[in-house]
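Accompanying notes for the structure given below.
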Protein chains: 2
Amino acid sequence: MARAPRQADIAAAAGVSQTTVSLILSGNTDGMRLSESTRQRVLKAAEKLGYVPDPVATRLASARNHMIGVYTFASAFPTDVDGFYYPILVGIEEEAAALGQDLVLFTGTGGLEAGLDDKTAIRRTADGKAAIRRTADDKAAIRRTADDKAAIRRTRIADGCLFFGRHVPEEPIDWLLGSGFPLVYIGRRDELDGRIPFVGVDYVAASAAVVDRLVSAGHREIRYLRSVDDALSSSDRERGVLAAAKSARLSERLVVRAADSEVGGLVERWREEGVTAVVVEETDTGTLSAALLEAVKGVRVPGELSVAVLGQPKDHPEVSGFEVPRRELGRRAVRVLVDQITSSGARRPEQVLLDCTPITGSTIGPVAPSA
Amino acid sequence: MARAPRQADIAAAAGVSQTTVSLILSGNTDGMRLSESTRQRVLKAAEKLGYVPDPVATRLASARNHMIGVYTFASAFPTDVDGFYYPILVGIEEEAAALGQDLVLFTGTGGLEAGLDDKTAIRRTADGKAAIRRTADDKAAIRRTADDKAAIRRTRIADGCLFFGRHVPEEPIDWLLGSGFPLVYIGRRDELDGRIPFVGVDYVAASAAVVDRLVSAGHREIRYLRSVDDALSSSDRERGVLAAAKSARLSERLVVRAADSEVGGLVERWREEGVTAVVVEETDTGTLSAALLEAVKGVRVPGELSVAVLGQPKDHPEVSGFEVPRRELGRRAVRVLVDQITSSGARRPEQVLLDCTPITGSTIGPVAPSA
DNA sequence: TCAATAAGCTAATCCGTATTAGCTAAGGTG
DNA sequence: CACCTTAGCTAATACGGATTAGCTTATTGA
C-alpha cells in the first residue's frame with residue numbers, strides 16, 4: 001500500500017530539492033526566482049503523483065491549513081433539537097465553502113460517557129438509552145473524552161474554531177484565548193470579562209419589539225412565559241420584555257417561569273385574571289411554545305387572547321413573533337473567524353449581534369371588549 | 001503572550017532529556033525503565049509549567065490523525081432534502097465520536113461555481129439565487145473548486161473518507177482506491193467492477209416484501225410509481241418489485257415512471273382501470289410519495305385503494321412501507337472505514353447491505369369488493 | 001574475575017512542510 | 001581580469017513530540 005506522496009517524492013521525480021517543491025506548490029515566491037520550466041516540471045510531477053499537502057505538517061511548520069474547527073459541546077448533528085441548530089450549520093458550511101475552508105467537526109464529549117475500563121465505553125444512544133459497546137479504538141476515545149480540556153485543545157489542529165453550545169468551559173477557553181488561538185462563539189457570551197469573540201442574536205431588541213406591538217394593540221395585562229432553564233438567550237429575552245414593559249408602565253409581575261406541563265393550568269388561571277395577551281419564549285427544543293399553542297386551542301386567537309412567541313415556533317408560520325437569522329448567524333461567524341485568522345493582529349474581540357426579522361403573523365389582535 | 005511550554009522546557013527544568021519527558025508523559029513505557037523519582041520530578045515540572053501537549057505535533061509524529069473525511073458531492077448539510085440525509089450524518093457522528101475520530105467535512109463542488117476571475121466567485125445561495133461575492137480567500141476557493149479531482153484528492157488529509165451521493169466520479173475514486181486510501185461509500189455501488197467498499201441498504205428485498213404483502217392481501221392489479229430519475233437505489237427497488245411481481249405472476253406492466261405533477265391524473269386513470277393498490281418509491285426528496293398521498297386524498301384508503309411506500313414518507317407514520325435504517329447506515333459505514341484504516345492489510349472490499357424494518361402501517365387492506 | 005545482564009537514561013532520527021541563509025554559474029562592469 | 005550582479009536553486013534547520021538504537025553503570029552468574 002503505497003504511502004501518500006510527499007514533497008520529497010515530487011522532488012525526486014522532478015530532480016529538484018524539496019525546498020523547491022515547497023516554494024512552487026505554496027506559491028510563496030517572495031524574492032525567490034524559479035524558472036518556468038522547473039515550475040512546470042514540478043507541477044506535472046505533483047499532479048502525476050497526486051500530491052496532497054499534509055495539513056498536520058503544514059500546520060506544524062506554522063502556516064495555515066485552511067481548516068476551521070466546529071466544536072459542539074453536545075453533538076454536531078443534534079437529534080433532539082431537530083431543526084434549530086441545523087440552519088446555523090448550513091450557514092457555516094456555505095460560508096466555509098465560499099471562503100475555501102474545510103470544516104473539522106470535533107466530536108466533543110457528546111457521544112461518549114466515561115469508560116468502565118480500558119476496553120469498554122458506555123455510549124448514550126440517541127433515544128436516551130445507554131448501551132455498552134466494545135470497539136477497536138475505545139481506548140483512544142476514552143482517553144480523549146476523559147477530560148473536556150483535552151478535547152478542546154485538540155481544536156488547535158485547525159486554523160481556528162467555532163464554538164457552539166449553552167455553557168462555556170471557562171478554563172480551557174481562557175487557555176485557548178490566551179495562546180492567541182482564533183475562536184468565535186456562536187451566541188452571545190459575557191463570560192471571561194467579555195474577552196470571548198462571538199456572533200449572537202439581539203434577543204433583547206427583538207423581544208422588546210414584540211411586547212411593544214402588544215402594547216400598541218392596547219394590551220396591558222400581559223404574561224411572559226419563560227423556561228425554568230437559565231441560558232443567556234433566555235435572560236436576554238427576559239430583559240427585552242422587562243424593558244418594554246417598564247417603558248410602557250406595565251406591571252413588573254408579568255414574568256412567569258414554568259415547565260411545559262404547567263402551561264395548561266396557567267393559561268386557564270390567566271384568563272380568569274383578565275390577561276389579554278401571552279408572550280412565550282422560544283427555546284431550542286421548542287417545547288414550551290408548543291405547550292402554549294396546545295393550551296390555547298380552546299380559545300379564539302387573537303379574538304379572545306393574543307399570543308406572541310419570542311422566536312419562530314416550528315410548523316407555525318402564522319404565529320406572531322420574530323425570525324432568528326440562524327443561517328446568517330453561521331455565515332457571519334465563519335467570516336468573523338476567518339478574519340481573525342488572516343489578520344492575526346491582536347485587537348479587541350469582535351462581538352457581533354444580528355437583528356431579527358419581525359414576523360407579523362396573525363395571532364396579535366386588539367384587546368377583546370371586556371366580557 | 002509567552003509561548004506554551006514544550007517537552008524540552010520540562011526536560012530542562014527536571015534535568016533530563018526530552019526523550020525521558022516524552023516517555024513519562026505518554027505513559028509508553030513498554031520495555032523502558034524509569035525510576036519513580038525521575039518520574040515524579042518530571043511530572044511535577046510539567047504540572048508547574050502548565051504543560052499541554054501540542055496535538056499537531058503529536059499527530060505528525062504518529063502517522064494517524066484520527067480524522068475521517070466525509071465527502072458529500074453537494075452539501076453536507078443539505079437544505080432541500082431536509083431530513084433524509086440527516087439521520088445518516090447523525091449516525092456517522094455518533095460512531096465517530098465513539099471511536100475517537102474527528103470528522104472533516106469536505107464540501108465538494110456544491111457551494112461554489114467556477115470563478116469569473118482571480119478575485120470573484122459566484123456563490124449559489126441556498127434559495128437558488130446566485131450572488132457575487134468577493135472574499136479574502138476566493139482565489140484559494142476557486143483553485144480548489146476548479147476541479148472535482150483536486151477536491152477529492154484533498155480527502156487524503158484524513159485517515160480515510162466516507163463518500164456520499166448519487167454519482168461516483170470514477171476516475172478520482174479509482175485513483176484513491178488504487179493508492180490504498182481507505183474509503184467507504186454510503187449506498188450500494190457497482191461501479192469500478194465492484195471494487196468500491198460500501199455500506200448500503202437492501203432495497204431489493206425490502207421492496208419485494210412490500211409487494212408480497214399486497215399480494216397476500218389479495219391484490220392483483222397493482223401499479224408501481226417510480227421517479228424518472230435513475231439512481232441505483234431506484235433501480236434496486238424496481239428490481240425488488242419486479243421480482244415479487246414475477247413470482248406472484250402479476251402483469252409485468254406495473255411499473256410507471258412519472259413526474260410529481262402527473263401523479264394526480266394517473267391515479268384517476270388507474271382507478272378507472274380497476275387498480276386496487278399503488279406502490280410508490282420514496283426518494284430522497286420525498287416529493288413523489290407526497291404527490292401520491294395528496295392525490296389519493298379523495299379516496300378511502302385502504303377501503304377503496306391500498307397504498308404502500310417503498311420507504312417511509314416524512315410526517316406519515318401511518319403509511320405501510322419500510323423503514324430505512326439510516327442512522328445505522330452512518331454508524332456502520334464509520335465502523336467499516338475505521339476497520340479498513342486500522343487493519344491496513346489489503347483484502348477484498350467490504351460490501352455491506354443492511355436490512356430494512358417493515359412498517360405495517362394502516363394503508364394496506366384487503367381488495368375492495370368490485371364496484 | 002570476566003563476561004553477561006539489567007536498570008536507567010539519552011542521542012539521534014523521524015514525521016512532512018516552511019523558511020532562512022546561502023551557494024553556484026552565467027553575464028555584466030570598470 | 002578581478003569584482004559584482006543576478007537568476008536559479010539547495011542545505012540546513014525549525015516546528016514539538018514519538019521512537020529506535022544505543023550507552024553507561026551496577027549487579028549477577030559461573
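Predicted, not measured: the structure shown is a model, and the values here were computed from it. Chain naming here is simple, since letters A, B, ... match the order of the sequence lines and numbering starts at 1 in each.
The side chain of B/Thr20 sits closest to C/dT10 out of D/dA18, C/dT19, C/dT10. Taking every side-chain heavy atom of A/Arg33 into account, D/dA7 is the closest of D/dA18, D/dA7, C/dT10. Side-chain proximity of A/Leu23 to D/dG17, C/dT19, C/dC15: nearest is C/dT19. Considering only the side chain of A/Thr58, C/dT17 comes nearest among C/dT17, D/dA18, C/dG16.
For B/Thr58, the side-chain hydrogen bond (donor to acceptor under 3.5 Å, both in side chains) test picks out no residue, with sequence neighbours left out. By the side-chain contact (heavy atoms from CB on, under 4.5 Å) test, A/Ser26 pairs with A/Asn28, sequence neighbours left out. Residues that satisfy the side-chain contact (heavy atoms from CB on, under 4.5 Å) test with B/Leu60, not counting sequence neighbours, are A/Val56, A/Ala57, A/Leu60. Residues satisfying the side-chain hydrogen bond (donor to acceptor under 3.5 Å, both in side chains) criterion with B/Gln351, sequence neighbours excluded, are absent altogether. Looking at residues two or more places apart in sequence or on another chain, you find a side-chain contact (heavy atoms from CB on, under 4.5 Å) between B/Ser17 and B/Thr19, B/Thr20. When the side-chain hydrogen bond (donor to acceptor under 3.5 Å, both in side chains) test is applied to A/Arg41, the partners found at least two apart in sequence or on another chain are A/Thr38. Shown here are the side-chain contact (heavy atoms from CB on, under 4.5 Å) partners of A/Glu36, two or more places apart in sequence or in another chain: A/Arg39, A/Gln40.
DNA chain C is contacted by both B/Ala57 and B/Glu36; B/Glu36 maps to the nucleotide lying nearer its 5′ end (nearest heavy atom per residue). In this structure, B/Gly15 and B/Ser62 both approach DNA chain C, and ranking their closest nucleotides by distance from the 5' end singles out B/Gly15.
Using a 4.0 Å cut-off, some side-chain N or O of B/Thr38 falls inside it from OP1 or OP2 of C/dC9. Remark: B/Ser22 is not in phosphate contact with D/dG17, judged by side-chain N or O atoms under 4.0 Å from OP1 or OP2.
Looking at heavy atoms from C-beta onward, A/Ile157 lies out of side-chain contact with A/Arg59 at the 4.5 angstrom threshold. Within the 4.5 Å cutoff, the side chain of B/Phe163 has heavy atoms near those of the B/Ile152 side chain. Proximity of A/Leu89 to A/Phe164: side-chain heavy atoms (C-beta onward) are separated by under 4.5 Å at one or more points. A 4.5 Å side-chain heavy-atom check between A/Arg195 and A/Asp174 finds at least one atom pair inside the cut-off.
Nucleic acid contact for B/Val16: sugar-phosphate only, since backbone atoms but no base atoms lie under 4.0 Å from a heavy atom of the residue. Among the protein residues, B/Ser35 comes within range of the sugar-phosphate backbone only, with heavy atoms under 4.0 Å from sugar or phosphate atoms but none that close to a base.
Here the closest heavy-atom approach between residue B/Ile92 and residue B/Ile186 is recorded as CD1-CD1, 3.8 Å. Of all heavy-atom pairs between B/Phe181 and B/Ala158, the closest is CE1-O, 3.4 Å.
The distance from atom CZ of A/Arg156 to atom C1' of D/dG17 is 14 Å, rounded to the nearest whole Å. One atom, CD1 of A/Ile24, and another, P of C/dT17, lie 15 Å apart when rounded to the nearest Å. One interatomic measurement links the two molecules: CZ of A/Arg59 to P of D/dG17, which rounds to 14 Å at whole-angstrom precision. One can place CG of A/Asp9 at 11 Å from P of C/dC15, the figure rounded to the nearest angstrom. Rounded to an integer number of Å, the gap from A/Gln7 CD to C/dT19 P is 11 Å. The interatomic distance linking A/Asp159 (CG) with C/dA18 (P) rounds to 12 Å, in whole Å. Atom pair A/Arg6:CZ and C/dC14:P shows a separation of 10 Å (rounding to whole Å applied). Going from atom CD1 of A/Ile10 over to atom P of C/dA18 covers 11 Å, rounded to whole Å.
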Distance-only criterion, 3.5 Å: show the donor-acceptor pairs between side-chain atoms of residues 6-13 of chain A and protein atoms not counting sequence neighbours.
| from | atom 1 | to | atom 2 | distance (Å) |
| --- | --- | --- | --- | --- |
| A/Gln7 | OE1 | A/Gln18 | NE2 | 2.9 |
| A/Gln7 | NE2 | A/Tyr51 | OH | 3.4 |
| A/Asp9 | OD2 | A/Arg6 | N | 2.9 |

Restricting to nitrogen or oxygen on both sides, can you table the protein-nucleotides 12-14 of chain D pairs closer than 3.5 Å?
| from | atom 1 | to | atom 2 | distance (Å) |
| --- | --- | --- | --- | --- |
| D/dA12 | N6 | A/Thr19 | OG1 | 3.2 |

Under 3.5 Å between N/O atoms: give me all the protein pairs with nucleotides 26-29 of chain D, atom names plus distance.
none

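Summary for the helix from C/dT1-D/dA30 to C/dG30-D/dC1: the axes at its two ends, each from 5 pairs, differ by 70° when rounded to the nearest 10 degrees.
Annotation: proximity of residues 39-52 of chain B to DNA chain C (heavy atom, distance under 4.0 Å) is found for no residue.
Applying the 6.0 Å contact sphere to CZ of B/Arg189 captures more than 12 heavy atoms from other residues, nucleotides or ligands.
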